Amino acid sequence: MRAAYDCDVLVIGGGIVGLSTAYAITRAAPGTRVTVLEKEPGPARHQTGRNSGVIHSGIYYRPGSLKARYAVRGAAEMVKFCAEYGIPHAVTGKLIVATDRSELPRLHALVQRGRENGIPVRELGPSQIMEYEPEVRGLAAIHVGTTGICDFVAVARQLARGSGAEIRYGTRVVRVDRRPERGVAVLTASGDIVRGRVLVNCAGLYSDEIARLTGDDPDVRIVPFRGEYYELARPELVRGLVYPVPDPAFPFLGVHLTRGIDGGVHIGPNAVPALAREGYGWGTVRWRELGATLTWPGSWRIARRHWRYGAGEMRRSLSKGAFAEAVRRLVPGVSEGDLVPAAAGVRAQAVLRDGTLVDDFLIREGERTVHVLNAPSPAATASLPIGREVARRALQVL
Ligand SMILES: Cc1cc2nc3c(=O)[nH]c(=O)nc-3n(C[C@H](O)[C@H](O)[C@H](O)COP(=O)(O)OP(=O)(O)OC[C@H]3O[C@@H](n4cnc5c(N)ncnc54)[C@H](O)[C@@H]3O)c2cc1C
């Protein structure tokens, strides 16, 4: 019977979540045959390879949520994993800085939340901010000790190597045929058929489409939000990681300054609608995908509810001067000329029909399927616990 299948678990998506799932399956149940299908020629070409590279502490997330639990645990595990495999990383700590009086209650709420999540935080006044970051100005700040940075692409590669899974790059899944008694068969763009006993969907920006191909309609849509970055031409202006106080209405953290593992300082990401799921610039438009976003009622509800926030983000996307102005609130010495355009990323944000941006990680099961339907930031940080949870659910089906 087993021979009728090409593998036991078929994972779609070779980003950090799919690879962590493959890794966790072969650790929890040695001998399980796992195949990962990835449409790109290598791992981590989308969200995993286009992010801020920050190991998030877990301070932002609602206590008890999957994000809070997996980020706190995942951050510690990620540091250990990187140390074990010689992957570049550092535990740098970070500052969250209030620059306006109206932000102070939210900053204090974050202190409280951090403590509830068991995260070491230190409250700072203006002069203490300058001890950490001489060029940063603010009314108050908090220092979060457990935040770090790492190379998530190297982590993904190591997970791929360590998983022992068969990984087929350049393999796009275009159709899925699920037969409850016979497992799952997928058709690839090159016409091959791959059969597994259970299918795990870790397709990131396309996770809702893959779910629908299996016949499970998740009733959420991925709405792609691009995050644009600049590189700071004078990296000496910033020592570490500097964040604004986020707006709690959004799962985005606001434009921040991050000294990456490469020593450069990245500034971003903002959050603007992308015109394609892998639309890394305004020039990339995929009409079918844009049409799917526009016909989802949730997209219009977001636009109606959050047009003011959206207009600000669009302005900062279209005008470098406006972007620089936002950065100057934190670091007054930054000028427009200091900003060098850098590669953008696109977030796979799940949105409900009523326009709610799904805040927590979302994993759903169907018959012989496990779908990861919302794995935005901090899912790279939390990828080891997420992978274990998805693996646990997939193994139950076998
Ligand atoms: C701008 C930005 C900044 C971020 N900053 C951080 C941060 O600092 N820290 C943090 O922890 N997280 C951060 N994140 C979030 C983090 O990058 C993601 O949560 C994480 O990478 C999600 O991994 P994934 O494997 O689910 O998705 P992905 O990395 O997108 O992988 C999905 C894979 O599925 C493949 N795929 C899709 N469709 C198919 C198909 N039909 N057939 C075969 N393969 C398919 C894709 O090619 C892709 O490789 C950020 C994200 C963005 C966009």
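Keep in mind the model is a prediction, meaning the values are calculated, not measured. Counting starts at 1 for both ligands and their atoms, following the listed order. Counting begins at 1 with the first residue of the sequence.
Taking a cut-off of under 4.0 Å to the non-hydrogen atoms of L37, the atoms of ligand 1 that pass are 43 (C), 44 (N). Atom numbering of ligand 1 starts at 1 in the shown order; those under 4.0 Å from a heavy atom of G53 are 8 (O).
Only backbone heavy atoms of C202 (N, CA, C or O) come within less than 4.0 Å of ligand 1; its side chain stays farther off. Counting heavy atoms closer than 4.0 Å to ligand 1, residue P376 contributes backbone atoms (N, CA, C, O) but none from C-beta onward. Residue contacts with ligand 1 for R50 involve N, CA, C or O but no side-chain atom from C-beta outward (heavy atoms, distance under 4.0 Å). Heavy atoms of Q47 found under 4.0 angstrom from ligand 1 belong to the backbone as well as the side chain. Counting heavy atoms closer than 4.0 Å to ligand 1, residue I210 contributes side-chain atoms (C-beta onward) but none from N, CA, C or O. Contacts between V346 and ligand 1, counted as non-hydrogen atom pairs separated by less than 4.0 Å, involve the backbone only. At a heavy-atom distance under 4.0 Å, atoms from both the backbone and the side chain of V17 approach ligand 1.
Dense packing is recorded around CH2 of W282, with more than 12 heavy atoms of other residues, nucleotides or ligands lying under 6.0 Å away. Counting heavy atoms of neighbouring residues, nucleotides and ligands inside a 6.0 Å radius, atom CZ of R172 does not exceed 12 of them.
Residues satisfying the salt bridge (Lys or Arg N to Asp or Glu O under 4.0 Å) criterion with R45, sequence neighbours excluded, are absent altogether.
Across G74, S377, C150, A348, heavy-atom proximity to atom 14 (N) of ligand 1 is greatest for S377. Nearest-heavy-atom check against atom 42 (N) of ligand 1 across I149, V173, N270, V372 picks out V173.
Two rings, from H143 and Y132, have their centers less than 6.0 Å apart. H89 and F81 have their aromatic ring centers separated by at least 6.0 angstrom.
Of the N or O atoms in R45, none lie within a sub-3.5 Å distance of an N or O in ligand 1.
Among residues at least two apart or in separate chains, salt bridge (Lys or Arg N to Asp or Glu O under 4.0 Å) pairs with a member in residues 70-98 are E77-R388.
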